[in-house]
Engineer: 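This is the structure, below, for whatever I ask next.
Whatever order the structure lists ligands and atoms in, that order sets their numbers, starting from 1. Sequence positions, counted from 1, serve as the residue numbers for this chain.
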Amino acid sequence: MTCVVIVGTQWGDEGKGKVVDYFAGKADIVVRFSGGNNAGHTVVVKGKKYAFHLMPCGAVRGKQLIIGNGVVVDPKVLLEEIELLKKDGITPKLSISERAHVIFPYHGTLDELEEQFKGKMKAGTTKRGIGPCYEDKAGRFGLRMCDIVNKEMLKEKIEHLFKLKEKQIQVYGGKFDFTKEQLIEEYTAYGAKLKSCVGDVNLSLNKAIDEGKKVLFEGTQGTMLDIDHGIYPVGTSCNVIAGAACTGAGVGPTKIDTVVGLAKAYVSRVGEGPLPTELLDETGEYIRKKGAEFGTTTGRPRRVGWLDMPALKYACRVNGINWLAITKLDVLAGLEKVKICTAYTIDKKVLEDIPSSCELLSRCKPVYKEMKGWKGFAEGQAEGVAKNGFDELPKELKDYVAEVSKLSNTSPCLISIGPGREETIILKDVFGK
Ligand code: GDP
Ligand code: IMO
Ligand code: MG
């Protein structure tokens, strides 16, 4: 296997950072293909925590890194991440697609204003300007990395766009806080700093694939947040499913060998929108606390709920998932009973599949299968437990994994029982034969 895509099957924050870092051990190149700094991916190695927003998580292992054309880049955030890594003694080997679109401060302002305007219909965005940047991309008003590394081009395009952005912000009753000169100066400086990393990365990426290099495509968000296949309109503004690895990096679908779907042992959601299995009781509070379910990007408390099988089955379908990575099984430990939502009911009818309409989903009530919980491991024991392998795990935990596997019709390749790199059990080497 040479090309492996890792995607979230839920509403994001499934543990992509941890799993990408793990599999990056065997990869040559790690590629981001979607989203922007709305993503927050955490890697924990020997107690040291790294939180990435734009930098591919293969950075910690010193791998070659690519930010593909499908990503929207806030250069300020990216430069901060590069500096932080350098302080930790890591100089990231990063290339950025010249086709990737760039986030400007007016995108952030518009993000806030659009959310205010939408009121009850808002998605609860991360306010990082992601949606307005993708709007500009689709509207062909966007500026790309190739523009900010070219001072004349940047100046010409900003001069042209400035009036439009000013008007858009005024339509929402907002104030345009920037001068043309400021924007040109700031972004020329970013362009100059990033210039050496910017290029036609898809050329080198495809060459590397043809040479048999192992490439890991790092998904962002989760299937339920995909602009087409997620719960519209409360998701994000781009495609995040496995197919987006092709469009967001410029790689043909025939090159992708394997798709790994990431599922947390329960679900979480930051932001608005229906979450049929949401737990608003003390069990929810227990899971949120124990799982440290607070946004990596915004710090917002995450809503949590039992594992949602109609959503997971759907994710397996639209992503073409071959293998499942199940994370945070340690968080459910200590509960007497755990539940899996196997279907929904709506108006007394049973629904096995997730509906595409946000309105219908918000009326869905979960049907649960109850299972026995498992005992927790003592503090600091997870690494040792992981070393002992899957067979030595508590029977109830193994039963839970088997049930998830059966209901989703996929096999687990990785089991995660703690945030640390070593708190992991591998059942299938995804880069192996
Ligand atoms: P991502 O957006 O999918 O990369 O996930 P986040 O990094 O936003 O959130 C996942 C959180 O769970 C991070 O704090 C991880 O360190 C942590 N985490 C990942 N896997 C596990 C696990 O198996 N157990 C526990 N307790 N924490 C985990
Ligand atoms: P990772 O990659 C969880 C959610 C926001 C909001 C909606 C739209 O860390 O899993 P946006 O700022 O993208 O316009 O917000 O999507 N959202 C995420 N939730 N994890 C993420 O990324 C997310 N990225 C966006 O909370 O509901
Ligand atoms: Mg996250």
Engineer: Do Y22 and V430 have side chains that get closer than 4.5 Å, going by heavy atoms?
Structural biologist: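 They are not in contact (no side-chain heavy atoms under 4.5 Å apart), so the answer is no.
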
Engineer: Going by the salt bridge (charged side-chain N to carboxylate O under 4.0 Å, His left out) test, name the single residue among R288, K264, R303 that passes it with E293.
Structural biologist: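 Looking at R288, K264, R303, the match for E293 under the salt bridge (charged side-chain N to carboxylate O under 4.0 Å, His left out) is K264.
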
Engineer: Looking at ligand 2, does any of its N/O atoms fall within less than 3.5 Å of an N/O of L225?
Structural biologist: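 Not met; the criterion fails.
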
Engineer: Please say whether E272 places an N or O atom under 3.5 Å from an N or O atom belonging to ligand 2.
Structural biologist: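 So ligand 2 has no N or O lying under 3.5 Å from an N or O of E272.
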
Engineer: Out of the N/O/S atoms in D13, what is the name of the one closest to the Mg ion (ligand 3)?
Structural biologist: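 Distance check against the Mg ion (ligand 3) picks out OD1 in D13.
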
Engineer: For D177 and T109, test the side chains for any donor-to-acceptor distance below 3.5 angstrom and give the result as yes or no.
Structural biologist: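 Not at all, the side chains of D177 and T109 share no donor-acceptor pair under 3.5 Å.
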
Engineer: So which bit of D330 gets within less than 4.0 Å of ligand 1, heavy atoms only: side chain, backbone, both or neither?
Structural biologist: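 The answer is the side chain of D330.
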
Engineer: Please verify whether a non-hydrogen atom of R302 lies at under 4.0 Å from ligand 2.
Structural biologist: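 Heavy atoms of R302 never come under 4.0 Å of ligand 2.
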
Engineer: When you look for heavy atoms under 4.0 Å from ligand 2, do you find them on the side chain of V270, its backbone, both, or neither?
Structural biologist: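 Contact part for V270 vs ligand 2: both backbone and side chain.
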
Engineer: In the protein, which heavy atom is nearest to atom 4 (O) of ligand 1, and how far is it?
Structural biologist: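 Ranked first by proximity to atom 4 (O) of ligand 1 is G17 N, 2.8 Å.
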
Engineer: Any N/O/S atom from G40 (main chain or side chain) under 2.8 Å of the Mg ion (ligand 3)?
Structural biologist: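 Yes.
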
Engineer: Side chains of T220 and S34: donor-acceptor distance under 3.5 Å anywhere?
Structural biologist: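 Side-chain D/A pair, T220 to S34: present.
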
Engineer: Side chain or backbone of K18 under 4.0 Å from ligand 1, or both, or neither, by non-hydrogen atoms?
Structural biologist: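 The answer is the side chain.
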
Engineer: Is G418 close to ligand 1, meaning an N/O of one under 3.5 Å from an N/O of the other?
Structural biologist: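 Yes - when backbone and side-chain N and O of G418 are compared with those of ligand 1, one distance drops under 3.5 Å.
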
Engineer: Would you say N38 and ligand 2 have an N/O pair spaced under 3.5 Å apart?
Structural biologist: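 The answer is yes, given that N38 and ligand 2 share an N or O pair closer than 3.5 Å.
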
Engineer: Does Y106 reach the side chain of D136, with side-chain heavy atoms less than 4.5 Å apart?
Structural biologist: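 They are in side-chain contact.
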
Engineer: When you look for heavy atoms under 4.0 Å from ligand 1, do you find them on the side chain of V331, its backbone, both, or neither?
Structural biologist: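 The part of V331 near ligand 1 is the side chain, not the backbone.
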
Engineer: Is R300 close to ligand 2, meaning an N/O of one under 3.5 Å from an N/O of the other?
Structural biologist: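 Such a contact does occur with ligand 2.
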
Engineer: Please list the nearest protein heavy atom to atom 7 (O) of ligand 1 with its residue and the distance rounded to 0.1 Å.
Structural biologist: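 For atom 7 (O) of ligand 1, the nearest protein heavy atom comes out as T42 OG1, 2.6 Å.
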
Engineer: Looking at D257, D28, T258, which hits side chain to side chain donor-acceptor pair (under 3.5 Å) with T2?
Structural biologist: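 Filter result, single survivor: D257.
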
Engineer: Looking at ligand 2, does any of its N/O atoms fall within less than 3.5 Å of an N/O of S237?
Structural biologist: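 Between S237 and ligand 2, no N or O pair is found under 3.5 Å apart.
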
Engineer: What protein heavy atom is closest to atom 10 (C) of ligand 1, reported as residue, atom name and distance in Å?
Structural biologist: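 The protein heavy atom lying closest is D13 O, 3.9 Å.
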
Engineer: Does an N or O anywhere in K127 fall below 3.5 Å from an N or O of ligand 2?
Structural biologist: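 No.
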
Engineer: Quick one: nearest non-hydrogen protein atom to atom 23 (O) of ligand 1, plus distance?
Structural biologist: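 Protein heavy atom at minimum distance: S416 OG, 2.5 Å.
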
Engineer: N/O of A123 under 3.5 Å from N/O of ligand 2, yes or no?
Structural biologist: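 Looking only at distances, the answer is yes, because the N/O contact criterion of under 3.5 Å is met.
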
Engineer: Is the terminal nitrogen or CZ of K339 (NZ for Lys, CZ for Arg) located under 6.0 angstrom from the six-membered ring centre of Y368 and within 45° of that ring's axis?
Structural biologist: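 Pair K339/Y368 counts as cation-pi.
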
Engineer: Strictly by modelled atom types, are Q170 and K167 linked by a side-chain donor-acceptor pair under 3.5 Å?
Structural biologist: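 No, K167 and Q170 have no side-chain donor paired with an acceptor closer than 3.5 Å.
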
Engineer: I want to check something: taking the side chain as every heavy atom from C-beta on, are I326 and Y400 in contact at a cut-off of under 4.5 Å?
Structural biologist: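 No, too far: nothing below the 4.5 Å cut-off.
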
Engineer: Looking only at N/O atoms, are K290 and ligand 1 under 3.5 Å apart anywhere?
Structural biologist: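 No: no nitrogen or oxygen of K290 is under 3.5 Å from one in ligand 1.
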
Engineer: Can you tell which part of R302 has a heavy atom less than 4.0 Å from ligand 1: side chain, backbone, both or neither?
Structural biologist: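 It is the side chain that gets close, since no backbone atom is under 4.0 Å.
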
Engineer: Do any N/O atoms on G12 end up under 3.5 angstrom from N/O atoms on ligand 1?
Structural biologist: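 N/O-N/O distance below 3.5 Å does not exist for this pair.
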
Engineer: For atom 16 (O) of ligand 1, find the nearest protein heavy atom and state the residue, atom name and distance (0.1 Å precision).
Structural biologist: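 Answer for atom 16 (O) of ligand 1: P419 CB, 3.5 Å.
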
Engineer: So is there a nitrogen or oxygen of D111 less than 3.5 Å from a nitrogen or oxygen in ligand 2?
Structural biologist: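 Among all N and O atoms of D111, none is under 3.5 Å from an N or O of ligand 2.
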
Engineer: Could you tell me whether ligand 2 has any atom less than 4.0 Å away from a heavy atom of R128?
Structural biologist: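 It does not, in that no heavy atom of R128 comes within the 4.0 Å cut-off of ligand 2.
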
Engineer: Would you mind checking which non-hydrogen protein atom is closest to atom 11 (C) of ligand 1, with the distance to 0.1 Å?
Structural biologist: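 Sorting protein heavy atoms by distance from atom 11 (C) of ligand 1 puts K328 NZ, 3.6 Å first.
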
Engineer: Relative to the heavy atoms of A39, which atoms of ligand 2 are at a distance of less than 4.0 Å?
Structural biologist: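 So the answer, numbered in order with elements, is 1 (P), 2 (O), 9 (O), 22 (O).
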
Engineer: With sequence neighbours excluded, tell me which residues meet ring pair (Phe, Tyr, Trp, His ring centres under 6.0 Å) with W323.
Structural biologist: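 Result, ring pair (Phe, Tyr, Trp, His ring centres under 6.0 Å) vs W323: none returned.
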
Engineer: Please say whether L329 places an N or O atom under 3.5 Å from an N or O atom belonging to ligand 1.
Structural biologist: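 In this structure, L329 places no N or O atom under 3.5 Å from an N or O of ligand 1.
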
Engineer: Looking only at protein heavy atoms, which one is nearest to atom 2 (O) of ligand 1, and what is the separation?
Structural biologist: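 Heavy-atom neighbour on the protein nearest atom 2 (O) of ligand 1: G40 O, 2.8 Å.
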
Engineer: Got a sec, which pairs hit salt bridge (Lys or Arg N to Asp or Glu O under 4.0 Å) with one end in residues 106-116, sequence neighbours left out?
Structural biologist: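 Applying salt bridge (Lys or Arg N to Asp or Glu O under 4.0 Å) to every pair that reaches into residues 106-116, excluding sequence neighbours, yields nothing.
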
Engineer: H41 heavy atoms, cut-off 4.0 Å: which ligand 1 atoms fall inside?
Structural biologist: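 Ligand 1 atoms under the 4.0 Å threshold to H41: 1 (P), 2 (O), 4 (O), 7 (O).
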
